[in-house]
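The structure's right below; bear with me while I get my questions together.
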Amino acid sequence: MAKSKAPAKTPADGENKPIRHLYLIDGSGYLFRAYHALPPMNRPDGTPINAVFGFCRMLVADLLDNPEIDHIAMILDAGSVTFRNKIYDKYKANRPDPPEDLIPQFPLIREAARAFNVTVCELEGYEADDLIATYARLALEAGGTCTIVSSDKDLMQLVRPGVELMDPIKKIKLGPEAVFEKFGVTPDKVVDVQALAGDSTDNVPGAPGIGIKTAAQLINEYGSLETLLERTKEIKQPKRRESLENNAELIRISKQLVSLRDDVPAPADPDSFDKRRPDPNVLLPWLEQQGFRTLLQRFTSELGEATAPVAPTSAPEPVKKAEPTAVPAASASKKPNRDFTTADYELIQDVKLLDEWIAEATRAGTVAFDCETDGLDSNNAGLVGVSLALLEGPWGDVNSTRRRAAYLPLMHRTPGGAVQGALDLLGDGGDRDAGKLLDGQIPLETAIARLKPLLEDPAVLKVGQNIKYDMAVFRRHGIEIGPVDDTMLISFVLDAGKNNHGMDELAELHLGQKTIKFSDVAGSGAKQVTFDKVPLDKARDYAAEDADVTMQLWARLKPRLVPERVTSMYETIERPLIPVLLSMESAGIKVDAVKLKGLSADFEKRLAELEGEIHKIAGREFNVGSPKQLGEILFDEQKLPGGKRNKNGSWATDASVLEDLAAQGHPLPVKILEHRQLAKLKGTYTDALMRQVDAKTGRVHTSYHMTGAATGRLASTDPNLQNIPVRSEEGRKIRQAFIAEAGHKLLSADYSQIELRLLAHVADIPALKEAFARGDDIHAITASEMFGVPVKGMDPLMRRRAKAINFGIIYGISAFGLANQLGIGQQEAKEYIGRYFERYPGIRDYMERTKDFARKHGYVLTPFGRKIHLRFIHDKSQGMRAFAERAAINAPLQGGAADIIKRAMIRLPGALTAAKLKAKMLLQVHDELLFEVPEKELDKTRDVARKIMESAASLTVPLVVEAGVGQNWAEAH
DNA sequence: TGGTTCACG
DNA sequence: GACGTACGTGAACCAG
């Protein structure tokens with residue numbers, strides 16, 4: 001017998017309204033999805049809550065707040081035994097148990113739905129999917145439409161006009177196209193494909209040897225499963241034919257298993273699913289119990305205080321956790337000024353309105369702005385428009401403020417012009433393409449002239465998201481923007497390691513707002529247009545939103561700096577670094593294109609030779625660049641010993657494997673290694689670098705990302721100039737192509753052993769500190785202390801091993817890693833580590849202290865106060881925790897070194913100017929700075945650089961900088 | 001798009 | 001007792 005659990009509607013709601021659009025939430029599917037998507041969180045009483053939190057966030061932000069939704073219900077499985085078990089007893093038999101910290105959340109999702117006054121439906125003997133199918137049908141028959149909130153592929157068979165699927169985490173609507181992408185057939189044929197292909201997670205057998213690809217092909221060819229089974233004789237491939245002929249019955253059973261029933265007895269009339277206001281007496285106490293503070297705040301102001309609070313149902317036995325973590329209240333969704341929408345964004349098309357905005361911004365004292373361009377390269381992209389946003393009212397109080405945002409289009413053009421932007425070599429911003437300037441735009445020169453006083457006004461703070469980019473664009477129009485704040489950097493100093501710092505992610509996280517995607521306004525793939533071709537109305541929505549979101553993020557994040565003790569990290573390191581990096585990026589470095597071309601030709605010739613030799617030894621032709629084909633040659637065909645497989649089952653062919661084989665005297669791996677090295681050099685460096693040379697300057701301009709690495713290191717892209725080869729002879733030839741301008745030389749200054757020095761400092765190891773103070777060879781000293789041999793006349797092998805251990809310590813040593821590095825047994829490695837800790841017990845103490853700190857606080861600190869969060873420090877997987885612990889040990893050292901060189905970089909431009917030197921800082925490679933120096937100023941510049949770098953921090957060990965000079969980077973380094 | 005490999009500190 | 005492992009990046013290439 002079916003039993004209904006649909007709650008009665010509250011009398012106050014009156015009559016049910018008929019369905020227009022029904023939302024059906026696949027409750028357990030959603031819970032699993034949210035569980036895996038969100039980091040562990042706990043309720044104040046310790047109960048794990050992440051999946052429920054994700055569920056509530058979705059429910060509020062996407063469903064209850066969406067006025068288009070009038071009917072909504074959550075569907076659940078009533079039990080584990082259904083009619084399908086009668087058809088096939090092994091159905092879903094090998095489902096693993098859910099994770100233990102998910103189990104207590106199952107009952108909570110029922111509570112959550114009840115608290116928000118959302119109907120819960122379940123039906124014994126049937127799965128939630130059958131109920132969903134049935135309600136989808138009922139909705140259609142009632143003349144309405146239906147959205148199923150689930151990412152379960154089994155529900156794809158229900159997609160049809162009026163019924164769509166929505167991924168609850170990605171918020172993507174899945175229509176027939178998505179179904180076709182997944183199953184290769186239209187939605188009505190999905191069950192046929194599933195019946196043939198089977199499903200290992202649900203233990204649906206299907207036809208052995210036939211997967212989704214083959215199944216789709218067969219169904220599309222024969223039209224339906226039944227026709228196919230009748231005409232199996234026509235199938236040419238013997239294996240397929242046999243599989244189908246021998247398993248016809250099993251396939252029919254499979255079809256019954258995967259077909260959803262849309263005729264089950266519905267426990268409640270779908271008209272009764274109408275969206276209802278939550279009852280404050282139920283919702284508020286429940287939210288409080290879960291610790292969802294922002295939601296509580298919001299609903300208290302929306303619904304009013306509870307008048308007769310109903311105590312939340314008793315909580316299940318909480319899972320005991322060693323270190324309960326707080327629910328991040330700030331990440332809950334919250335939308336200030338909910339009546340403010342994109343429709344309120346303004347379009348500035350005349351000078352009068354622009355002047356008004358500028359006056360308003362000047363009066364407000366803080367303005368968010370963002371510029372839109374026709375490319376991504378900040379050195380060349382042309383300015384297309386500017387957006388501005390204001391937040392007026394009490395500082396930082398998002399609830400009692402008024403939002404305003406506007407877009408000022410400047411260089412939008414009619415579509416149909418030649419593709420340009422990145423390909424633009426003239427860079428003049430003029431008549432470089434066929435598109436004509438659109439009407440209704442203030443002339444660029446006029447707008448620039450009006451904006452300049454605002455953007456340079458020392459009394460107006462300009463807030464940007466990755467403002468380095470905007471500063472670069474405006475600099476080329478003669479505007480030096482300042483003073484500035486950067487929400488990306490504020491987020492970085494607050495939350496490095498917790499989340500990334502792109503605007504879309506921050507908007508979602510802190511404002512609960514999904515931003516308009518660039519591809520929504522500009523298209524995607526080959527059809528994508530540059531922003532100047534986007535129509536003004538769309539451009540306004542997209543661009544004004546950027547400034548609007550930036551302003552709100554600033555109001556949300558900036559007040560956290562002081563209480564979370566990262567103000568000085570932001571104000572003395574990250575923010576002042578912006579203009580320094582900007583100058584380095586726009587300076588670029590000269591490369592010798594002729595030299596690169598020659599190298600490329602050399603490499604190409606040698607590669608062709610090697611390829612011939614390799615094919616000869618292998619006995620056949622194959623793609624040497626394909627690890628898959630190579631693995632098959634080496635281990636399946638040549639039957640070489642010692643094949644390892646990587647996690648997806650294919651043969652591993654990385655350098656360490658090939659080196660092992662080479663050491664055993666096999667000729668093929670030797671050639672492959674050489675081929676790999678040259679292919680890398682040619683593909684990644686010579687050829688790619690030539691393409692990156694800027695036509696205007698004849699130099700390459702990298703772009704530095706300030707928030708790419710959680711430790712505080714910079715990252716370099718387009719091109720990455722932080723991984724130019726240096727370790728191999730062939731590779732160094734590429735460095736030779738980085739050259740100085742005529743009359744100049746390159747000066748390279750790098751910190752010696754900076755991370756080990758920091759280790760000696762923070763762990764406070766007298767023996768190491770003294771060795772550094774004396775200027776001793778630190779690896780030799782370590783070897784001497786460990787193995788009890790004098791430094792003089794030491795076996796180089798011992799020094800090498802000590803060096804590997806010193807590095808290992810920095811990385812959070814493990815016996816496995818050290819053994820791998822040194823090519824010794826794990827036992828031996830373990831013994832070395834033991835001996836090291838015996839000699840330097842302070843280092844072991846430091847490592848333990850650091851791990852404890854990370855476990856207690858969820859982050860670690862560099863000596864300069866940079867915070868690095870360890871997201872996985874309490875993960876339930878031992879492997880993930882160990883990973884986080886090693887990262888915790890490494891982060892203060894790597895991050896501390898990053899702090900030091902950043903401090904030096906900030907001081908250097910001023911110091912050079914003060915010494916009347918014209919040297920330019922060009923590149924930073926983590927512990928090295930590269931300068932281009934007029935030949936006559938070499939000595940002075942070297943002295944200044946060394947002095948500033950060595951005094952960038954005062955530690956209990958000296959900082960030592962080694963400098964070199966040359967015509968090219970290889971010589972200087 | 002994800003996995004593999006390899007360049008750097 | 002088994003498992004998966006050195007820390008931090010970005011780019012090219014292959015395969016699906």
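On a predicted model such as this, the values are computed, not experimentally measured, just so you know. Quick note: numbers below take in every heavy atom, side chains included, and nothing from hydrogens, waters or symmetry partners.
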>> Surrounding CD of Glu604(A) (heavy atoms of other residues, nucleotides or ligands, distance under 6.0 Å), is the total greater than 12?
In response: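 Atom CD in Glu604(A) is not packed in, count stays at 12 or less.
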>> Over all strands shown, is Ala882(A) touching base, sugar-phosphate only, or nothing at heavy-atom distances under 4.0 angstrom?
In response: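 The residue Ala882(A) makes no contact with any strand.
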>> Considering every strand and a 4.0 Å limit on heavy-atom distances, what is the contact class for Ile810(A): base, sugar-phosphate, or nothing?
In response: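 Result for Ile810(A) = nothing.
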> Between Asn720(A) and Ala815(A), which has a closest nucleotide on DNA chain C that is more 5'?
Replying inline: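 With Asn720(A) and Ala815(A) compared, the 5'-side residue is Ala815(A).
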> Looking for any heavy atom pair under 4.0 Å, which part of the strands does Gly879(A) touch: base, sugar-phosphate only, or nothing?
Replying inline: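 No contact.
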> Base, sugar-phosphate, or nothing for Ala710(A), non-hydrogen atoms under 4.0 angstrom?
Replying inline: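 Since only primed, P, OP1 and OP2 atoms lie under 4.0 Å of Ala710(A), the category is sugar-phosphate.
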> Is Thr684(A) touching bases, backbone alone, or none of the nucleic acid, heavy atoms closer than 4.0 Å?
Replying inline: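 Result for Thr684(A) = sugar-phosphate.
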> Under 4.0 angstrom, heavy atoms only, what part of the nucleic acid is Glu755(A) near: base, sugar-phosphate, or nothing?
Replying inline: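 No contact.
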> If you look at every strand shown and take non-hydrogen atoms under 4.0 Å, does Phe883(A) touch a base, only sugar-phosphate, or nothing?
Replying inline: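 Sugar-phosphate only.
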> Expressed as a whole number of Å, how far does the P atom of dG4(C) sit from that of dG3(B)?
Replying inline: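 Nearest-Å result for dG4(C) against dG3(B) at atom P: 15 Å.
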>> Looking at every non-hydrogen atom in both residues, tell me the closest pair between Asn806(A) and Ile778(A) and how far apart they are.
In response: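 Shortest heavy-atom contact: ND2-O, 4.1 Å.
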> Excluding sequence neighbours, so at least two apart, what forms ring pair (Phe, Tyr, Trp, His ring centres under 6.0 Å) with Tyr836(A)?
Replying inline: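 Only Tyr840(A) meet the ring pair (Phe, Tyr, Trp, His ring centres under 6.0 Å) criterion with Tyr836(A).
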>> Pick the closest DNA chain C nucleotide for Thr711(A) and for Thr717(A) by heavy atoms, then say which residue is nearer the 5' end.
In response: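 Result of the comparison: Thr711(A).
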> Take atom CD in Glu181(A); do more than 12 heavy atoms of anything else shown fall under 6.0 Å from it?
Replying inline: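 No.
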> Taking the P atom of each, how far is dA6(C) from dC6(B), in whole Å?
Replying inline: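 About 14 Å, rounded to a whole number of Å.
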> Contact class for Ile724(A) (heavy atom, under 4.0 Å): base, sugar-phosphate, or nothing?
Replying inline: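 Since only primed, P, OP1 and OP2 atoms lie under 4.0 Å of Ile724(A), the category is sugar-phosphate.
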> Where the side chain of His501(A) meets the backbone of Asn499(A), is there a donor-acceptor pair that is under 3.5 Å apart?
Replying inline: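 Present.
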> Cationic tip of Lys682(A) within the cone over Phe603(A)'s six-membered ring, i.e. under 6.0 Å and within 45° of the normal?
Replying inline: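 Cation-pi check for Lys682(A) and Phe603(A): fails.
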> With sugar-phosphate meaning primed atoms plus P, OP1 and OP2, does Ala804(A) contact a base, only sugar-phosphate, or nothing at under 4.0 Å between heavy atoms?
Replying inline: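 It contacts base atoms.
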>> Under 4.0 Å, counting only non-hydrogen atoms across every strand here, what does Gly812(A) touch: a base, just sugar-phosphate, or nothing?
In response: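 Here Gly812(A) touches no strand at all.
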> With sugar-phosphate meaning primed atoms plus P, OP1 and OP2, does Asp718(A) contact a base, only sugar-phosphate, or nothing at under 4.0 Å between heavy atoms?
Replying inline: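 Result for Asp718(A) = sugar-phosphate.
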> Using a cut-off of 4.0 Å on non-hydrogen atoms, how would the nucleic acid contact of Arg676(A) be classed: base, sugar-phosphate, or nothing?
Replying inline: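 Sugar-phosphate: the residue Arg676(A), judged by heavy atoms under 4.0 Å, touches backbone atoms but no base.
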> NA contact type, Lys628(A), heavy-atom cut-off 4.0 Å: base, sugar-phosphate, or nothing?
Replying inline: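 Sugar-phosphate, backbone atoms only, no base.
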> Who passes side-chain hydrogen bond (donor to acceptor under 3.5 Å, both in side chains) against Asp694(A), sequence neighbours left out?
Replying inline: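 For Asp694(A), the residues satisfying side-chain hydrogen bond (donor to acceptor under 3.5 Å, both in side chains) (neighbours in sequence not counted) are Asn380(A).
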>> I'd like to know whether NZ of Lys153(A) has more than 12 heavy-atom contacts from other residues, nucleotides or ligands below 6.0 angstrom.
In response: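 Result for NZ/Lys153(A): enclosed.
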>> With a 6.0 Å cut-off (strictly less than), is the heavy-atom count around NZ of Lys468(A), excluding the residue itself, greater than 12?
In response: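 Yes, NZ of Lys468(A) has more than 12 neighbouring heavy atoms, counting only those of other groups under 6.0 Å.
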>> According to ring pair (Phe, Tyr, Trp, His ring centres under 6.0 Å), who are the partners of Phe622(A), at least two apart in sequence or on a separate chain?
In response: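 Here the qualifying residues are His615(A).
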>> Under 4.0 Å from a heavy atom of chain A: give me the 5'-most and 3'-most nucleotides of DNA chain B that qualify.
In response: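 Boundary nucleotides touching chain A, in 5' to 3' order, are dG3(B) to dG9(B).
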> Backbone N or O of Tyr704(A) within a donor-acceptor pair of the Glu585(A) side chain at under 3.5 Å?
Replying inline: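 Yes; at least one donor-acceptor contact below 3.5 Å.
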> Between which nucleotides of DNA chain C, 5' to 3', does chain A make heavy-atom contacts below 4.0 Å?
Replying inline: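 The contacted stretch runs from dT5(C) to dG16(C).
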> Gln878(A) near the nucleic acid: base, sugar-phosphate alone, or nothing, with a heavy-atom cut-off under 4.0 Å?
Replying inline: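 Here Gln878(A) touches no strand at all.
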> Is the backbone of Ser752(A) close enough, under 3.5 Å, to the side chain of Arg757(A) for a donor and an acceptor to pair up by distance?
Replying inline: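 Here the side-chain-to-backbone pair exists.
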> Can you name the nearest heavy-atom pair linking Ile810(A) to Asn890(A), along with the distance?
Replying inline: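 So the minimum-distance heavy-atom pair works out to O-ND2, 3.0 Å.
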> Taking the C1' atom of each, how far is dA7(B) from dC3(C), in whole Å?
Replying inline: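 To the nearest whole Å, 30 Å.
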>> Once pairs are restricted to Watson-Crick or G-U wobble with both distances under 3.5 Å, how does DNA chain C read as a dot-bracket string, [ ] for crossings and | for other-strand pairs?
In response: ......|||||||||.
